[in-house]
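Letters A, B, ... are given to chains in the order of the sequence lines, protein chains preceding strands, and every chain is numbered from 1.
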Amino acid sequence: MSIIFYSEKCTLCGQCVDACPFGVLRLEGDSLVIDEGCTLCGACVEVCEFQALELPEMEGPAPRPGVPPDGVWVFAEQRQGKLSSVALELLGEARRLAETLQVGVAAVLLGDKVEHLCPTLLAAGADKVYLAESPVLAEFCEGPYSAALAEIAERHQPEIILAGATYAGRAFIPQVAAALKTGLTADCTAFAIDQENRLLLQTRPAFGGNIMATIVTPRTFPQMATARPGVFKKLGESASADGQVVRVELASIKTPGQSRFVRTVEEIKERLPLAEAEVIVAGGRGLKEAKHFRMLEELADLLGGAVGATRAAVDAGWIPYAHQIGQTGKTVSPKLYIAAGISGASQHVVGMQSSDFIVAINKDPAAPIFNIANIGLVGDLFEIIPALIQEIKKDRG
Amino acid sequence: MKIIVCIKQVPETQEVRLDPETHTLKREGVKSIINPFDLYAVEEGLRIKENQGGEVTLLTMGPPQAEEALREALGYGADYAVLLSDRAFAGADTWATALTLAKAIDKMGGADLIFTGKQAIDGDTAQVGPMLAAIMGIPCVAWARKITFTGNNTIEVERLLDHGYDAVAAKLPAVISVVKEINEPRVPSFKAKLKAKKEAIPVWGLADVGINSEQVGLAGSFTQVVKVFPPPPRGKSEVWEGQPAELAARVWTRLKELGRR
Ligand SMILES: Cc1cc2nc3c(=O)[nH]c(=O)nc-3n(C[C@H](O)[C@H](O)[C@H](O)COP(=O)(O)OP(=O)(O)OC[C@H]3O[C@@H](n4cnc5c(N)ncnc54)[C@H](O)[C@@H]3O)c2cc1C
Ligand SMILES: Nc1ncnc2c1ncn2[C@@H]1O[C@H](COP(=O)(O)O)[C@@H](O)[C@H]1O
């Protein structure tokens with residue numbers, strides 16, 4: 001299958017050639033040649049002003065089956081009886097989607113002795129909670145978790161399943177999608193409904209956040225996505241905790257799985273996980289020494305936030321890897337990101353550019369971080385950060 | 001020990017950018033590289049082979065030029081490489097990719113351990129490894145930083161989660177995705193590089209893998225990209241200079257005005 005090319009409409013303007021992320025288009029004589037390596041991403045179709053390019057129609061072998069009855073589901077990730085905040089954010093988003101689709105919202109809660117979390121899930125937007133409790137599910141492990149969620153989905157038939165793009169979510173949700181033989185979109189930052197076709201429009205960053213893509217699962221159900229923590233909004237206080245708790249007995253966890261949780265080796269001692277922080281104060285090589293991170297902690301504490309770092313600071317041993325933000329670290333999107341002594345290398349920026357508001361402090365006015373900062377402060381962080389701490393303390397009396 | 005490492009050739013993403021005005025993609029000088037995370041997967045395969053004996057085979061699905069990535073990775077000391085390349089494979093989503101890789105691994109007679117990188121830096125999905133395992137009906141442990149052989153065909157894997165590191169036990173064969181903490185990739189040796197240059201790399205298409213065209217590429221994909229567009233512009237950038245105390249007061253006032261604090 002390949003891109004359809006209407007040579008009569010083509011003006012040989014070459015826009016599509018420039019647009020191709022894979023470099024597989026070229027003009028040859030008075031024709032356009034599409035080399036091997038085309039992934040049908042549609043970038044060329046998008047830029048062509050003359051409608052000379054078209055994506056091929058999907059000639060799907062399986063017709064889209066009837067819409068499953070059970071509405072929008074959210075995987076309610078919890079650990080040791082504490083719900084992840086992304087689960088509550090997604091219940092808020094699920095409500096919004098469900099209203100457009102005129103269906104209900106359900107949370108799926110897996111764990112051991114976690115029934116007490118049900119009222120919170122109902123208040124956060126669920127009409128119903130599917131609850132599966134077993135010692136096998138006490139701690140996360142992709143084997144039992146994927147078997148459990150796939151079994152519940154097969155039995156109750158949701159139209160959509162959303163889960164947080166946490167380490168756990170991204171580890172096991174792909175296995176659930178594969179078991180259910182349906183599509184999955186990773187790490188989404190926006191959802192919408194295409195009313196006409198009753199499709200979930202799943203928008204996500206790709207190429208390190210340089211490009212956004214909207215993806216659909218047109219032929220199969222459920223439509224599944226993982227979603228970035230911190231992006232979607234929880235419902236307000238007013239929601240009622242009325243609803244139904246449906247206990248599920250699972251067949252899948254009775255047989256020994258192929259993998260199992262053994263023990264926790266190391267807990268990361270963060271007062272606040274980066275993924276959940278509304279404010280992140282991050283430091284880079286400009287901090288010079290491990291001990292100066294204490295200054296950032298003080299500022300973060302005042303703002304009710306967490307501390308992040310660049311790879312340079314982590315590699316220097318100033319702060320553990322769990323705090324690293326960027327391509328090889330975490331991706332975060334807090335309401336406020338304060339970057340201190342960070343140059344703004346692209347590998348760092350991909351991990352934080354979706355923050356709502358960025359303040360950068362750097363003594364080099366040419367530092368690339370200033371290109372993406374909403375406010376850039378040119379100066380010495382060892383003067384500005386203490387001054388800011390003092391200012392906040394003074395302001396608060 | 002039979003080890004397969006899945007690697008992917010990717011564009012060096014930092015350079016790929018959509019121009020917000022002309023809507024075209026800027027990719028001047030964009031090189032193709034081995035997905036950086038996959039180098040840790042290759043290294044882990046080699047280390048296990050060195051400790052336990054066995055062989056390491058590299059596997060990639062991609063256009064013909066993906067052979068460069070295989071040859072470069074062979075330079076680190078892997079034994080064999082296989083390239084899955086066919087026009088019909090084009091446009092594959094993570095499911096179709098995983099299915100094609102699974103069929104190829106079947107044809108290779110399976111493996112004891114299959115490694116993938118944490119994620120590919122072009123799509124950033126991290127889905128291919130877990131899906132591959134599910135299709136093959138074997139366990140997957142994602143985000144591994146340490147692997148211990150515990151006898152009886154089982155391994156214990158220490159892996160990263162949001163709260164820290166857990167140990168997980170799994171039966172072999174298994175798919176493992178690795179994070180960068182797992183090792184420090186070696187420098188390719190001159191000898192291995194020379195050998196890699198001459199190595200014959202078989203290219204398998206649709207028929208070789210024994211799969212039909214509706215199951216692969218765009219046709220076999222469950223997801224479909226309907227639109228690509230540049231990220232929303234980041235608001236205006238302001239750069240302020242001045243005395244530290246004055247800057248601190250100004251920025252704090254602004255943050256409060258904006259309701260950021
Ligand atoms: C494959 C790959 C993956 C990577 N992944 C990541 C990743 O996940 N995360 C990541 O962060 N990096 C990553 N990197 C590294 C990245 O390319 C940069 O090297 C790193 O982000 C730079 O960190 P930095 O900004 O702290 O240091 P530098 O680039 O050295 O910048 C320090 C800045 O501090 C400023 N400064 C110094 N002193 C002061 C002062 N007193 N007051 C104010 N400003 C001061 C300087 O002007 C400078 O701009 C990766 C690289 C590669 C190749
Ligand atoms: N086309 C491919 N060929 C071989 N391996 C791949 C391919 N795509 C992805 N992988 C492997 O799967 C991992 C995760 O990729 P992704 O799911 O695309 O983020 C990569 O690090 C590779 O190890």
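For the atom pair CG (A:Leu388) and CG (B:Leu247), the distance works out to 10.0 Å, reported to the nearest 0.5 Å.
A salt bridge is absent between B:Glu158 and A:Arg263; no separation between the charged side-chain nitrogens and carboxylate oxygens falls under 4.0 Å. One finds no salt bridge joining B:Arg250 and A:Glu391 here, because no Lys/Arg side-chain nitrogen approaches an Asp/Glu carboxylate oxygen to under 4.0 Å. The pair B:Asp162-A:Arg79 fails the salt-bridge criterion, with no side-chain N (NZ, NE, NH1 or NH2) lying under 4.0 Å from an Asp/Glu carboxylate O.
Heavy atoms of B:Glu181 lying under 4.5 Å from chain A belong exclusively to its side chain. For B:Trp143, the part sitting under 4.5 Å from any heavy atom of chain A is the side chain, from C-beta outward, and nothing else. Looking at B:Ser32, neither its backbone nor its side chain comes within 4.5 Å of chain A, counting heavy atoms on both sides. Proximity to chain A involves both the backbone and the side chain of B:Gln127, based on heavy atoms less than 4.5 angstrom apart. With a threshold of 4.5 angstrom between heavy atoms, B:Val226 approaches chain A through its backbone and through its side chain. Residue B:Glu156 touches chain A through its side chain alone, counting heavy-atom pairs closer than 4.5 Å. Heavy atoms of B:Phe89 lying under 4.5 Å from chain A are absent altogether.
Under the side chain to side chain contact (heavy atoms under 4.5 Å, CB included) test applied with B:Trp240, the options A:Ile375, A:Val378, A:Val359 reduce to a single match, A:Ile375.
In terms of heavy-atom pairs under 4.5 Å with chain A, the best-connected choice from B:Pro139, B:Ala96, B:Gly62, B:Ala126 is B:Pro139. Your options are B:Gln65, B:His163, B:Glu238, and the one with the most heavy-atom pairs under 4.5 Å with chain A is B:His163. Top candidate by heavy-atom pairs under 4.5 Å with chain A, chosen from B:Gln243, B:Glu246, B:Arg159, B:Lys236, is B:Arg159. Contacts with chain A were tallied for B:Gly242, B:Ala174, B:Pro130; B:Pro130 has the most, counting heavy-atom pairs under 4.5 Å. Contacts with chain B were tallied for A:Glu139, A:Gln390, A:Arg204; A:Arg204 has the most, counting heavy-atom pairs under 4.5 Å. No other option in B:Lys171, B:Met131, B:Lys118 has as many heavy-atom pairs under 4.5 Å with chain A as B:Met131.
Taking 4.5 Å as the limit, some side-chain heavy atom of A:Phe357 sits within range of a side-chain heavy atom of B:Leu255. Put simply, the side chain of A:Asp395 reaches to within 4.5 Å of the side chain of B:Lys256, judged on heavy atoms. A heavy-atom distance below 4.5 Å is found between the side chains of A:Lys181 and B:Trp95. Contact check for A:Thr214 versus B:Phe229: side-chain heavy atoms found under the 4.5 Å cut-off.
Shortest non-hydrogen contact noted between A:Cys141 and B:Val168 is SG-CG1, 3.8 Å. Minimum heavy-atom separation, A:Arg170 to B:Thr125: NH2-O, 3.1 Å. In plain terms, the two heavy atoms of A:Gln327 and B:Pro36 that are nearest each other are OE1-CG, 4.4 Å. Scanning both residues, B:Arg87 and A:Ile34, for their nearest heavy atoms gives NH2-O, 2.9 Å. For B:Ser237 against A:Phe370, the heavy-atom pair with the smallest separation is OG-O, 3.4 Å.
Side chain of B:Gln224 to backbone of A:Ile215: no donor-acceptor contact under 3.5 angstrom is found.
Listed by chain and residue number, A:Arg260, A:Val262 satisfy the side chain to side chain contact (heavy atoms under 4.5 Å, CB included) test with B:Ala169 (two or more places apart in sequence, or in another chain). For A:Thr189, the side chain to side chain donor-acceptor pair (under 3.5 Å) criterion is met by no residue, not counting sequence neighbours.
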